[in-house]
Amino acid sequence: MDLRQLGSTGPRVSAIGLGAMGMSGMYGPADETESIATVHAAMDAGVTLIDTGDFYGMGHNELLIRDALRSSGRNRDEVQISVKFGALRDADGGWWGNDARPQAVKNFLAYSLGRLGTDHIDVYRPARLDPAVPIEETVGAIAEQIQAGHVRHIGLSEVGAETLRRAHAVHPIADLQIEYSLISRGIEAEILPTARELGIGITAYGVLSRGLISGHWRADQAVAPGDFRGISPRFAAGNVDTNLRLVEALRAVAEAKGATVAQTAIAWVLAQGEDIVPLVGARRRERLSEALGALDLKLEADDLAAIEAAVPVGAAAGDRYVAAQMAHLDSEK
Ligand SMILES: NC(=O)c1ccc[n+]([C@@H]2O[C@H](COP(=O)([O-])OP(=O)(O)OC[C@H]3O[C@@H](n4cnc5c(N)ncnc54)[C@H](OP(=O)(O)O)[C@@H]3O)[C@@H](O)[C@H]2O)c1
């Protein structure tokens, strides 16, 4: 497995990371045994970066990662665990904003360490900017936890260029986690150049647009209650047909390369720079194996041009999130 450096100060991690969110209900029910087997298969393949959030399944995702690590027989330090905190939820799965006050940092972190069964988190990040708290205070509070030995590196998630600069002035930021894919290229104008100027890496999520551009999604696919895709504008009737037409154009390019659609979409993100680490949201070994095949797909300039002609910038229909969730994205302001 190739390694990539997360920013100029962050850890060296596998070129593809595993995002565990889907293993805790965000895409409908997941099979726990298969989820753990998928984490083991990822580690066997050399994946070292595992991404979670304390609010994924209200702690379920962290407990799952703890169990997977324990049953793998591996040392804790063979993997880097990235944790998001701050999202406020309720027992019905509702979302109630974010809390990134310094006292909340300490509180969330203590619970995460307990659930993960570890004494440190490799990259700790607020899931969203808390509009009520200056980013300097949140970053300063995480920096204190680095001093205390509970955290190794600071990351951010879905923030814009100005917030990146303010945060980085307080403490070096290892990486920005943000949606980036063939159909979500918003970071290219300002956020990615700013991250590069500051030496901040990118962990790209949604590289398959939550399965939409995986080559496996069908317009008539059933969506379980609670599955994010049931409310996502990109999967909404009308929009999904436009988006799947882009996927069919991409499929033609992929097949000419002897690759699958998912591999081509992931390889395109990998090809955008050594400072970018795609997170794949596989929750089954079969999908993981397909996704990791992207590492063997070498895209030349003419391949990249063909891919971008098949899926032109801005061609996707629908926003990344519903309006209420878009309002929480500092990266979209
Ligand atoms: N910072 C943030 O705001 C934020 C937001 C969202 C996610 N994330 C993180 O990023 C990670 C990845 O995000 P994501 O889940 O949206 O990513 P994604 O990789 O775009 O989508 C994952 C979905 O794609 C489907 N899929 C189909 N073929 C696949 C293949 N070959 N390999 C992998 N998946 C395939 C899977 O569905 P099936 O399992 O049904 O096949 C899976 O549920 C998450 O797990 C989470 O850790 C961060």
Side-chain angles (χ1 to χ4, degrees), residues 16-31 34-35 38-39 41-42 45 47 49-57 61-62 64-65 81-87 95 98 123-129 155-159 175-184 187 202-218 221-224 227-230 232 234-235 243 247 254 259-269 277-295 297 320-321 325-326 328-332:
I16 288 181
L18 178 67
M21 179 180 81
M23 298 175 182
S24 295
M26 295 290 277
Y27 297 134
D31 180 280
E34 180 61 22
S35 293
T38 304
V39 177
V47 170
L49 177 65
I50 302 179
D51 184 72
T52 181
D54 60 12
F55 48 91
Y56 292 161
N61 208 239
E62 292 177 317
L64 183 101
I65 290 169
I81 304 177
S82 153
V83 180
K84 293 178 291 297
F85 71 91
W95 300 86
N98 290 273
V123 190
Y124 200 51
R125 70 184 83 242
R128 296 285 180 266
L129 180 69
L156 292 170
S157 170
E158 285 290 357
V159 300
D175 71 314
L176 168 65
Q177 187 173 114
I178 195 159
E179 186 162 358
Y180 187 40
S181 74
L182 269 169
I183 65 168
S184 299
I187 73 169
I202 301 288
T203 43
Y205 79 81
V207 293
L208 297 179
S209 198
R210 301 158 185 281
L212 178 59
I213 60 167
S214 66
H216 299 290
W217 195 264
R218 299 185 321 272
Q221 194 149 327
V223 176
D227 186 328
F228 170 88
R229 296 171 292 204
S232 166
R234 288 198 167 155
F235 289 82
N243 296 332
V247 173
T260 70
V261 176
Q263 288 165 347
T264 307
I266 297 166
W268 179 86
V269 176
V277 173
L279 296 173
V280 299
R283 51 187 175 160
R284 288 183 277 143
R285 286 168 287 182
E286 183 194 357
R287 297 287 201 229
L288 173 77
S289 166
E290 180 187 0
L292 295 180
L295 292 163
L297 180 58
R320 306 199 273 132
Y321 290 92
Q325 292 179 340
M326 287 291 275
H328 288 297
L329 299 182
D330 182 59
S331 52
E332 293 284 346

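Counting starts at 1 for both ligands and their atoms, in listed order. What's counted below: heavy atoms across the whole structure, side chains too, no hydrogens, waters or symmetry copies. Keep in mind the model is a prediction, meaning the values are calculated, not measured.
At a heavy-atom cutoff of 4.0 Å, ligand 1 is contacted by no atom of Ala127, backbone or side chain. Contact annotation for Ala282 and ligand 1: heavy atoms of both the backbone and the side chain come within less than 4.0 Å of the ligand. Residue-level proximity to ligand 1 for Ser181 is absent, since no heavy atom of it falls below 4.0 angstrom. At a heavy-atom distance under 4.0 Å, only side-chain atoms of Tyr321, from C-beta outward, approach ligand 1.
Taking a cut-off of under 4.0 Å to the non-hydrogen atoms of Gly19, the atoms of ligand 1 that pass are 11 (C), 44 (C), 45 (O), 47 (O). Short contacts between ligand 1 and Ala291, defined as distances under 4.0 Å to a heavy atom of the residue, involve ligand atoms 31 (N), 32 (N). For ligand 1, the atoms closer than 4.0 angstrom to any heavy atom of Ser214 are 27 (C), 28 (N). Of all the atoms in ligand 1, the ones that sit under 4.0 Å from a non-hydrogen atom of Met21 are 6 (C), 7 (C), 15 (O), 44 (C), 45 (O), 46 (C). Annotation for ligand 1: atoms under 4.0 Å from non-hydrogen atoms of Glu290 are 31 (N). Of all the atoms in ligand 1, the ones that sit under 4.0 Å from a non-hydrogen atom of Arg128 are 2 (C), 3 (O). Each of the atoms 27 (C), 28 (N) of ligand 1 lies under 4.0 Å from some heavy atom of His216.
Summarising the contacts of atom 17 (O) of ligand 1 with Pro278, Gly206, Ala87, the nearest heavy atom is found in Gly206. For atom 25 (C) of ligand 1, the nearest non-hydrogen atom from the set Ala30, Gly211, Ala20 belongs to Gly211. With distances taken over non-hydrogen atoms, the option nearest atom 29 (C) of ligand 1 out of Met23, Arg210, Arg287 is Arg287. Closest heavy-atom approach to atom 40 (O) of ligand 1 among the candidates Arg283, Glu179, Met26: Arg283. Between atom 10 (O) of ligand 1 and the options Trp217, Phe228, Tyr205, the minimum heavy-atom separation is to Tyr205.
Between Glu179 and Arg320 there is a salt bridge, since a side-chain N of the basic residue sits under 4.0 Å from a carboxylate O of the acidic one. At a threshold of 4.0 Å, the pair Asp31-Arg283 does not count as salt-bridged, since none of the basic side-chain nitrogens sits closer than that to a carboxylate oxygen.
At least one heavy atom of Arg229 sits closer than 4.0 Å to an atom of ligand 1. Heavy-atom separations between Tyr56 and ligand 1 include at least one value shorter than 4.0 Å.
From Arg234, atom CZ reaches atom CZ of Arg210 across 9.5 Å, with rounding to the nearest 0.5 Å. Note that the OH atom of Tyr205 and the OG atom of Ser181 stand 10.0 Å from one another [nearest 0.5 Å]. Expressed to the nearest 0.5 Å, how far CD1 of Ile81 lies from CG of Leu49 amounts to 10.0 Å.
With Ser331 contributing its side chain and Val159 its backbone, the two residues share no donor-acceptor pair below 3.5 Å. Put simply, the side chain of Gln263 never gets that close to the backbone of Leu292: no donor and acceptor are under 3.5 Å apart. Remark: the backbone N or O of Asp54 is not paired with any side-chain donor or acceptor of Lys84 at under 3.5 angstrom.
The cationic group of Arg125 does not satisfy the cation-pi geometry with Phe85, failing either the under 6.0 Å distance to the six-membered ring centre or the 45° limit from the ring axis. Annotation: cation-pi pair Arg287/Tyr27 absent, no NZ/CZ under 6.0 Å from the ring centroid and within 45° of its normal.
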Verdict with supporting geometry, Phe55 and Met26, side chain to side chain contact (heavy atoms under 4.5 Å, CB included): CA-CA 10 Å; Phe55 48 91; Met26 295 290 277; 5.9 Å; no
Working for side chain to side chain contact (heavy atoms under 4.5 Å, CB included), residues Val39 and Leu18: CA-CA 8 Å; Val39 177; Leu18 178 67; 4.1 Å; yes
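With respect to atom 9 (C) of ligand 1, the closest heavy atom belonging to the protein is Asp51 OD2, 3.5 Å.
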